[in-house]
Amino acid sequence: MAFAPMGPEASFFKVLDQHRAFLLADLRRVGEETPRGGTRPYFSTEVLAAIENIIQDIIASLARNEAPAFTIDNRSSWENIKFEDSVGLQMVSQCTTRKIKSDSPKSVQNFALILKILSMVYKLVQSNTYATKRDIYYTDIQLFGNQTVVDNIINDISCMLKVPRRSLHILSTSKGLIAGNLSYIEEDGTRVNCTGCSTVSTTDALTGCIKYLITDAKFLLIVEKDATFQRLLDDNFCSKISPCIMVTGKGVPDLNTRLLVKKLWDLFHIPVFTLVDADPHGIEIMCIYKYGSLSMSFEAHNLTVPAIRWLGLLPSDIKRLNIPKNTLIPLTKRDQMKLDSILKRPYITCQPFWRKEMEVMADSKMKAEIQALTFISSDYLSKVYLPNKLKFGGWI
Amino acid sequence: MEGTALAVCEILRYLIIHWKCETAGLPKGALLEGELVISTEALNSEHQANALHCVTTIASAGSHCDGFVLKNFLKEIQSILPGLSAKLMWTLEETSSSPNTSGVSPFQMIFEVDEKPRTLMTDCLAIKNFLHKITMVHPKIRFHFSVKVNGTLSEEIFGAENEPILNQPNGIALVVNYQRYVSRPKFGVTELLCGRIHPVPGQPVTLSIPDDVAAVGLLGELILTPAAALCPCPKAFSNQMNRISSVSVFLYGPSGLPLILPSREQPTTVFADISCFIDWKKYHLCVVPNLDSNLDRDWVLPDVSYRVESCDGDQSQIIDPQGHTLLLFLFVDFHSGFPVQQMELWGVYALLTTHLNAILLESHRVVQDSVRIAVDQALEQHHQVAKAHQKLQASHAVAVNSIMSVVVGSTNSTFRKMCLQAFQAADTREFGTKLHKAFNEITQHRFLHCLGGVKQLPPEKHDVAQNTEDACESCSPEHLPGEVFALRVSPGLSWGGVQVKTVTSAFHCPTAFFHSSVPLGFSGFLVPLWAFWDSSRHPSQKLL
């Protein structure tokens, strides 16, 4: 891409290129045929038919004087999750379910809300319009109670119909940002360029409106926090280590951000690295990008990037770099519990180096934010730490 | 109340206390069993104009009767019934030895009195109500009550052997068949899905006996145990009724006997304003005493009754009488068991009744707290049920609208057609109506399933002989409303010039206990007294 500013010399990216080659070879070995451009789109007629089938079943139950009920997969239960190295966390085919009954005071409200949202989805798909989850909530605040209820029901519907949420014409407001060597063309022909100091919201990726993504980035860096992301932008990191792409989900990533990362991997197979705090929360966020989340495991194939590598901040970096002890923070009880929980997860068994890093953290009982590097020098992160890590393969 | 009713009630009290003392060794909660026959024969008096000479016999089989105790009882009862210008006799059928030996031997007590026909009728209704109240807590005591006026007989059996009962923590059983407590026609069979009440016991509290009451001989430690329930059961009432329209209070003394004998006057002034024990405002209820003391009905008349009125100050607006009734049972008993002498216990009743007002007020605070806990829980259940019902209804409305939105908005004609066909609806409007109804029905179906179903009670029939067979076929022992058999006295018949209305209850008797005989020109049946003797029954069940 001629528009990209000049970065380091080509030898800088030698290890990165080798890593990419390794990833491509791995893909070929697995025999994965990743459809370029994303997963199969669901046609509107399919979605409408699926909803009509549900309505018909309900009516048939009522006609038999039987109380209709929804059978929902228990999305957030570990007993329904299996781990595959090539995919991440995904739901088992025969999973436990729960019934949402229409004749029980405990569940009737949920039953009604599911029907309500199904009818709204039906209208959206029929009219080929879109709404965000927030829009849906605001249609009747009293009825829904809170946003979380709406979010959960939408995910349940997506899982029940086996249809991605975007095919339900429901968007989520994205909070993610992207910057770097990437350009694309919107539906109306507008060309968007993410280079320089500009950042773009990751919302557009969900709608499928963007086309012709173009990049020659050598890597994609996922940054946990917006503060770190902004700091790197201020330090002109994307130009200095160009060509590259930076993404942040501002903490736990929303669906759009995850979809975009997945899309970029599927299209370009460029190495993806994460830059997270050396604490259990950061590690968990990294695992979400790489292996997926419990609640969205039913859409794992569309969201996970198992090829992601942990670039930093590694717990072992703390000692190696002599990060001042007064910048470290003791692990709280909650941190300890989260760390223990992560260590027990199925994917950690195939990540011995990650396990070792987490054991270092557990032994030291200390955590550190990326910002701790600023105690070495203010631009240590963008000038020394990241460039060295990328040049010499300091990822695991 | 005077005359026959008072005498009968006092004698019954005595007998039951006697039985209770005899069975004192049985475990707490064991039900008292026995049978009593009360029969009154009235003929036109030869000595008084417009009066009936009434001979009342109370008989019991299988009772241990000590002749000496009985004689003392006769003295006592005559002393407390000075107004009873009657001859009181007793006979003890000797089986083998002298009356002074104890043994299983039947006994009879007979007294005579002259009464006006209207007084006799009132007394009979009062006795009937008293028997109702006894069987509420002594379901296995059976009473055969018959009245014969100038040759015309009317009979009724009181008992609750096969009715559902609840054994309370205080050892007293309580019949929980809702039909005991409210008018049955008020609630259609199709609407009522639970035939029981669910009493909530309160915390037993010790009552302090004021010094002046102790001075007259009421000694010992009294315990009050309240229990509250809504009738009918709010859990399974399928329509939208969730109002409380009346309050009924029942008072029981030691041995589980009604504390208050029927009277035209209010039993005790403390209940003139029950708000001193219950804060009705908390439940958004305005209660006023219900002065309707009409005994002529199928369900029991409480000791104290209140009706709920609108709280907005409009006294003319009375709450729809179709609402629930809050039942409050107050059981007063001795803490250390029965007094040694059964006569003392019998005498206690008179003292308790006279001084109940003072005793309850003396322990006003603890009584209030205990009653409040029971009422709170009973009403909380009602509140929860009403809330659940509202939740179901509101959610079903959302479900219906959502389904309608899809069906009406669909362009898939096959889908629309199948939806309409499922409910055999001609158009979407009719479909919507039927859809809503279908949701309501599944809620009812759920209650039926959860409660194990309630047998459809056979329709009320007055022509008993024709329907005994039907009743037998459709009733099972678990759901039998009670073996109360009734004959209706023809409205055309008169007792000394007074029209007699139906004296009996509407329950069905499944047992072919009585033989029908040739009607005497009116719609009732005449059943001779010898019909009590049914050789097909177990010999121990013979009464005379």
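Predicted model, so just to flag it, every value in this text is computed and none were measured. Chain identifiers are assigned alphabetically (A, B, ...) following the order of the sequence lines, protein sequences preceding nucleic acid strands; residue numbering begins at 1 within each chain.
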**Q** Please look at B/Val400 and chain A and tell me whether the side chain, the backbone, both or neither of the residue comes under 4.5 angstrom of a heavy atom of that chain.
**A** neither
**Q** Shortest non-hydrogen contact from A/Val108 to B/Lys391?
**A** CG1-O, 4.0 Å
**Q** What are the two closest heavy atoms between A/Gln126 and B/Thr411, and how far apart are they?
**A**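 Distance-wise, the nearest heavy atoms are NE2-N, 4.0 Å.
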**Q** Non-hydrogen atoms of chain B under 4.5 Å away: do they reach the side chain of A/Ala60, the backbone, both or neither?
**A** neither
**Q** So, does B/His396 use its side chain to make a donor-acceptor pair with the main chain of A/Ser102 at under 3.5 Å?
**A**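 Side chain of B/His396 to backbone of A/Ser102: a pair is present.
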**Q** Chain B: which of A/Leu113, A/Ile59, A/Ile51 shares the most heavy-atom pairs with it under 4.5 Å?
**A** A/Ile59
**Q** List the atom of B/Ser410, the atom of A/Glu52, and the distance in Å for their closest heavy-atom pair.
**A** OG-OE2, 3.1 Å
**Q** I need the minimum non-hydrogen distance between B/Ala399 and A/Ala112, along with the two atoms involved.
**A** N-CB, 4.2 Å
**Q** Find the distance between OG (A/Ser119) and CG (B/Asn401) and round it off to the nearest 0.5 Å.
**A**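 These two atoms lie 9.0 Å from each other.
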**Q** Decide yes or no for A/Ile55 and B/Phe415: does some side-chain heavy atom of the first lie under 4.5 Å from some side-chain heavy atom of the second?
**A**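 A side-chain contact exists here, since the closest heavy-atom pair is under 4.5 Å.
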**Q** Does B/Asn412 reach the side chain of A/Leu48, with side-chain heavy atoms less than 4.5 Å apart?
**A** no
**Q** Tell me if the NZ atom of B/Lys434 is crowded by more than 12 foreign heavy atoms within 6.0 Å.
**A** yes
**Q** Given side chains that start at C-beta, do those of A/Glu66 and B/Ile442 come closer than 4.5 Å, heavy atoms only?
**A** no
**Q** Using side-chain contact (heavy atoms from CB on, under 4.5 Å), reason through B/Val398 and A/Leu115 one step at a time and then give a plain yes or no.
**A** CA-CA 8 Å; B/Val398 171; A/Leu115 268 176; over 6 Å; no
**Q** Give the minimum heavy-atom separation between A/Lys123 and B/Gly409, together with the two atoms involved.
**A**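 Heavy atoms only, the tightest pair is NZ-CA, 4.5 Å.
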**Q** Against chain B, label A/Ile58 side chain, backbone, both or neither, depending on which of its atoms sit under 4.5 Å from a heavy atom there.
**A** side chain
**Q** Is the shortest side-chain heavy-atom distance between B/Leu435 and A/Leu62 below 4.5 Å?
**A** yes
**Q** Rounded to the nearest 0.5 Å, what separates atom NZ in A/Lys116 from atom OG in B/Ser405?
**A**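 Between A/Lys116 NZ and B/Ser405 OG, I get 7.5 Å after rounding to 0.5 Å.
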**Q** What part of A/Leu143 gets within 4.5 angstrom of chain B, counting heavy atoms only: side chain, backbone, both, or neither?
**A**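 Side chain only.
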**Q** Which pair of non-hydrogen atoms, one from B/Ala422 and one from A/Ala63, has the smallest distance, and what is that distance?
**A**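 Closest approach of B/Ala422 to A/Ala63, heavy atoms only: O-CB, 3.6 Å.
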**Q** Roughly how far, to the nearest 0.5 Å, is OH of A/Tyr122 from OG of B/Ser402?
**A**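 Answer rounded to 0.5 Å: 13.5 Å.
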**Q** Output the residues of residues 424-433 of chain B for which the shortest heavy-atom distance to chain A is under 4.5 Å, in residue-number order; output 'none' if no such residue exists.
**A**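 So far as heavy atoms go, B/Phe431 are the residues that approach chain A to under 4.5 Å.
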